[in-house]
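Each remark here refers to the structure printed beneath this line.
Computation of the quantities below employed the complete heavy-atom set of this structure, encompassing side-chain atoms and omitting hydrogens, waters and symmetry-equivalent molecules. All chains are named by letter (A, B, ...) in the order of the sequence lines, taking the proteins before the strands, and each is independently numbered beginning at 1.
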Amino acid sequence: DSGVTQTPKHLITATGQRVTLRCSPRSGDLSVYWYQQSLDQGLQFLIQYYNGEERAKGNILERFSAQQFPDLHSELNLSSLELGDSALYFCASSVATGESDTQYFGPGTRLTVL
Amino acid sequence: AQKVTQAQTEISVVEKEDVTLDCVYETRDTTYYLFWYKQPPSGELVFLIRRNSFDEQNEISGRYSWNFQKSTSSFNFTITASQVVDSAVYFCALSEFDTNAGKSTFGDGTTLTVKP
């Protein structure tokens, strides 16, 4: 158990809908990362937050948004869902952004868009 | 643009064999980070190592070792005396230096199967 929790584990929804994925980092970790893993695109970095502030942005679609709250949990919002958004979404956390910091991954949320 | 190439799509070895997973990267940055991650059949991702572009020393951790060669833009991963539990997909990744593990570019992964 990495100590990072993600809810829900599975999500099935329809095209055009909006969903929210939640990530709770390990206790004390300030940095949260979101990744998408799909058959078509492979593993992709989406976005990183550090202590509530956006730190880095990857290939995140405009339909997607994220935030990190004062209690450090993070949410990834996906809207106007398309079939191609079906994927495994991972979040990871680390203490900070230092070179010796290990990333710990959650179990992922599997999103299926029908 | 950054690019990571893992040319070996699948590798199959017999237990106790040594195996090397290749990773070649492209970047215009002079400073960057390189990573390896493991994804076992259960699906979770496991962080294995981060290496900064200043440090070309080889790294060894138990049966795992990493060889970073800036001259050839390679960051190869060797498992010595492989075990069935090493069966997994292994991803190599490259990130911008100032964002640490943020803004990473991943390779397509190498599926390693270790047979008993």
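Between the CD atom in A/Gln103 and the OG atom in B/Ser104 there is a gap of 6.5 Å [rounded to 0.5 Å]. How far OH of A/Tyr35 is from CZ of B/Phe91: 12.5 Å, rounded to the nearest 0.5 Å. The line from NZ of B/Lys103 to CG of A/Asn59 is 9.0 Å long, rounded to the nearest 0.5 Å. Rounded to the nearest 0.5 Å, atoms OG1 (B/Thr105) and CG (A/Leu43) are 11.5 Å apart.
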Next on the checklist: Pair A/Phe90, B/Gln39 - check side-chain contact (heavy atoms from CB on, under 4.5 Å), show working.
Outcome noted: CA-CA 12 Å; A/Phe90 288 104; B/Gln39 187 172 38; 3.6 Å; yes
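Transitive grouping of hydrophobic side chains (ILVMFWY, heavy atoms separated by less than 4.5 Å) keeps A/Leu72 and A/Tyr104 in distinct clusters. Residues B/Phe35 and B/Ile49 do not share a hydrophobic cluster, clusters being chains of Ile/Leu/Val/Met/Phe/Trp/Tyr side chains in contact below 4.5 Å. Linking Ile, Leu, Val, Met, Phe, Trp and Tyr whenever their side-chain heavy atoms come within less than 4.5 Å puts A/Val19 and A/Tyr89 in one cluster. There is a path of hydrophobic side-chain contacts, each under 4.5 Å, that joins B/Val4 to B/Phe68.
For the pair B/Leu45 and A/Phe105, the tightest heavy-atom approach, listed with the atom from each and the gap, is O-CB, 3.3 Å.
Contact of A/Gln41 with chain B is not made at all, since no heavy-atom distance falls under 4.5 Å.
Listed by first and then second residue, the ring-ring contact (aromatic ring centres under 6.0 Å, His included) pairs that reach into residues 3-28 of chain B are B/Tyr25-B/Tyr32, sequence neighbours excluded. Among pairs with a residue in residues 61-80 of chain B, those fulfilling salt bridge (charged side-chain N to carboxylate O under 4.0 Å, His left out) read B/Arg63-B/Asp86, at least two apart in sequence or across chains.
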